[in-house]
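Chain letters run A, B, ... following the sequence lines, proteins first and then strands; every chain starts at 1.
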There are 2 protein chains.
Amino acid sequence: MKGDRTRAAILERAVDIASLEGLEGLTIGRLADDLGMSKSGLFAHFGSKEELQLAALETAKERFIDNVVRPAIKAERGYPRLIGFCRGWLDYVTEQVFPGGCFFAAASFEFDGRPGPVRDAVAGAMDDWMATLEKAVRMAQEAGHLDPGIEPAQLAFEMNSIFFGANFACQLRGDRKAVSRAWTALLQRLEGLRTKPTSSPRARPARRGTRPAPRRARPASGTRRRS
Amino acid sequence: MKGDRTRAAILERAVDIASLEGLEGLTIGRLADDLGMSKSGLFAHFGSKEELQLAALETAKERFIDNVVRPAIKAERGYPRLIGFCRGWLDYVTEQVFPGGCFFAAASFEFDGRPGPVRDAVAGAMDDWMATLEKAVRMAQEAGHLDPGIEPAQLAFEMNSIFFGANFACQLRGDRKAVSRAWTALLQRLEGLRTKPTSSPRARPARRGTRPAPRRARPASGTRRRS
DNA sequence: CCTACCGATCGGTAGG
DNA sequence: CCTACCGATCGGTAGG
């Protein structure tokens with residue numbers, strides 16, 4: 001009970017630090033100091049640094065799902081949900097769900113050259129994410145909203161590239177237009193692949209919308225900080 | 001003389017390690033061991049770890065310019081040079097010019113949450129790179145090859161996003177289609193922005209080419225490894 | 001460029 | 001969850 005709450009508080013802090021300083025740069029001593037507990041007391045919850053890193057990854061996945069995936073899948077299948085993933089992801093960097101930007105972008109580039117279980121877990125998390133995007137593309141095709149000729153993995157690659165590119169422009173370059181550039185790129189591509197409704201026999205309506213209105217700000221995800 | 005050669009050898013090794021394990025994960029002791037010299041002997045060349053990191057960044061910039069920028073600017077200004085930058089960058093990851101993938105992508109995501117002189121230098125290097133891409137776009141517009149309506153910074157953002165996305169797919173996910181997906185995305189976007197030649201009064205020729213033929217492999221950049 | 005050393009911190013352990 | 005400790009390694013220094 002108590003132990004579980006402590007463990008959860010440790011991990012919430014751990015992912016925040018890791019998003020700023022890296023999952024390898026995360027040290028047990030620093031984390032313990034930060035939480036006002038002894039190093040060995042904290043250590044006892046995990047047994048090794050590697051287990052701490054793997055547990056932090058799980059915690060980051062939950063935070064990501066709560067802040068990106070769940071909001072996105074509230075939109076109906078097809079084109080709206082595809083836009084929902086874009087909005088979910090771009091809101092997620094804007095709102096600094098992780099203080100150092102996307103935890104997974106950072107971890108992906110940090111571990112791509114370091115073999116081991118942590119790298120494998122990071123790669124697995126990204127496989128899941130890419131599969132989620134691909135599935136959303138496939139559903140949009142099945143709903144007749146999107147050009148059936150585009151390969152889902154191709155479009156998922158492009159969407160994720162723009163997401164990571166927005167994170168880069170935002171976090172390193174401090175480009176305040178980063179998110180708007182990402183929207184421009186995503187909509188240019190997605191609108192170009194959108195199939196025009198054939199049900200209406202009348203002349204094509206003008207393409208719908210230009211940039212989706214920003215969703216009302218989510219309240220910084222309620223359960224996110226406890227420590 | 002001798003000292004300069006030693007210093008250069010240290011730095012070539014340093015950027016290789018940093019591309020794999022990060023610029024912060026690079027340690028003086030490990031680097032010295034690796035080169036068969038004493039820690040303090042190596043240290044004397046730089047005076048601090050930070051100076052070593054900054055020097056490694058300069059070395060990485062040179063390697064990047066030799067392998068990406070110089071080949072690209074051999075192509076004539078305008079659309080061909082834009083394609084040259086794409087080919088240069090994608091060849092650069094394919095050929096593993098840095099063993100851990102793009103040094104600058106890794107450094108960008110590693111340092112975006114760590115304030116200090118190294119972060120500033122990484123950001124400066126990326127500013128230079130983005131400015132180089134923007135200039136290439138602007139020249140393509142001035143040459144009448146590219147839609148004058150596209151903002152150079154927007155297109156540079158999109159191109160760089162695809163580059164980083166290819167590095168991610170290639171290095172972390174081991175996706176062997178990464179480079180081909182990147183080509184597909186880049187050409188889809190660039191061809192769409194290409195202005196059709198107006199000089200010929202005849203019907204539009206079919207869009208030229210689909211995917212540029214791979215350039216003959218460059219001989220892994222000659223002066224790259226010495227130690 | 002070396003040997004020899006510094007205090008601080010690393011991940012991890014013993015024992016309670 | 002703690003104190004007290006381990007060997008190894010960190011960045012860095014003294015002196016040659």
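Atom CZ in A/Arg30 sits about 20 Å away from atom P in D/dC10, given to the nearest Å. Taking atom CZ of B/Phe46 as the reference point, atom C1' of C/dC1 lies 13 Å away to the nearest angstrom. A/Met37 has its CE atom 7 Å from the C1' atom of D/dC1, to the nearest Å. As a whole-Å value, the separation of B/Glu24 CD from C/dC10 P is 13 Å. We find that CG of A/Leu31 is positioned 10 Å from P of C/dG11, with the value rounded to whole Å. One interatomic measurement links the two molecules: CD of B/Glu50 to P of D/dC10, which rounds to 18 Å at whole-angstrom precision. Going from atom CG of A/Leu42 over to atom P of D/dC1 covers 9 Å, rounded to whole Å. B/Asp4 places its CG atom 14 Å from the C1' atom of C/dC1, with the value rounded to the nearest Å.
Ion pairing between A/Asp33 and A/Lys39 fails under the 4.0 Å rule for side-chain N and carboxylate O. Using a cut-off of 4.0 Å between Lys/Arg side-chain N and Asp/Glu carboxylate O, A/Glu76 and A/Arg81 are scored as not salt-bridged. Ion pairing of A/Asp66 with A/Arg70 is present here, as a side-chain N (NZ or NE/NH1/NH2) and a carboxylate O approach within less than 4.0 Å.
Using a 4.0 Å heavy-atom cutoff across all strands shown, A/Leu52 reaches no nucleic acid atom at all. Counting non-hydrogen atoms under 4.0 angstrom, A/Thr27 reaches the backbone sugars and phosphates but no base.
Of all nucleotides listed (D/dC1, C/dG12, D/dT13), C/dG12 comes nearest to the side chain of A/Ile28. Considering only the side chain of A/His45, D/dC1 comes nearest among C/dC10, D/dC1, D/dG11. Between D/dG11, C/dA4, C/dG11, one nucleotide has an atom nearer to the side chain of A/Phe43 than all others, and that is C/dG11.
For D/dG15, the paired base is C/dC2 (Watson-Crick or G-U wobble, both distances below 3.5 Å).
Under the 6.0 Å cut-off for aromatic ring centres, A/Tyr92 and A/Phe64 qualify, their centroids lying closer than that.
In this structure, the side chains of A/His45 and A/Ile10 come closer than 4.5 Å at one or more pairs of heavy atoms.
In this model, the phosphate group of D/dC1 is approached by a side-chain N or O of A/Thr6 to a distance below 4.0 Å at OP1 or OP2.
Contact of B/Ser40 with C/dT3 (side chain to base): a donor-acceptor pair of N or O atoms is detected under 3.5 Å. Under 3.5 Å, the side chain of A/Lys39 and the base of C/dG11 form at least one donor-acceptor pair of N or O atoms.
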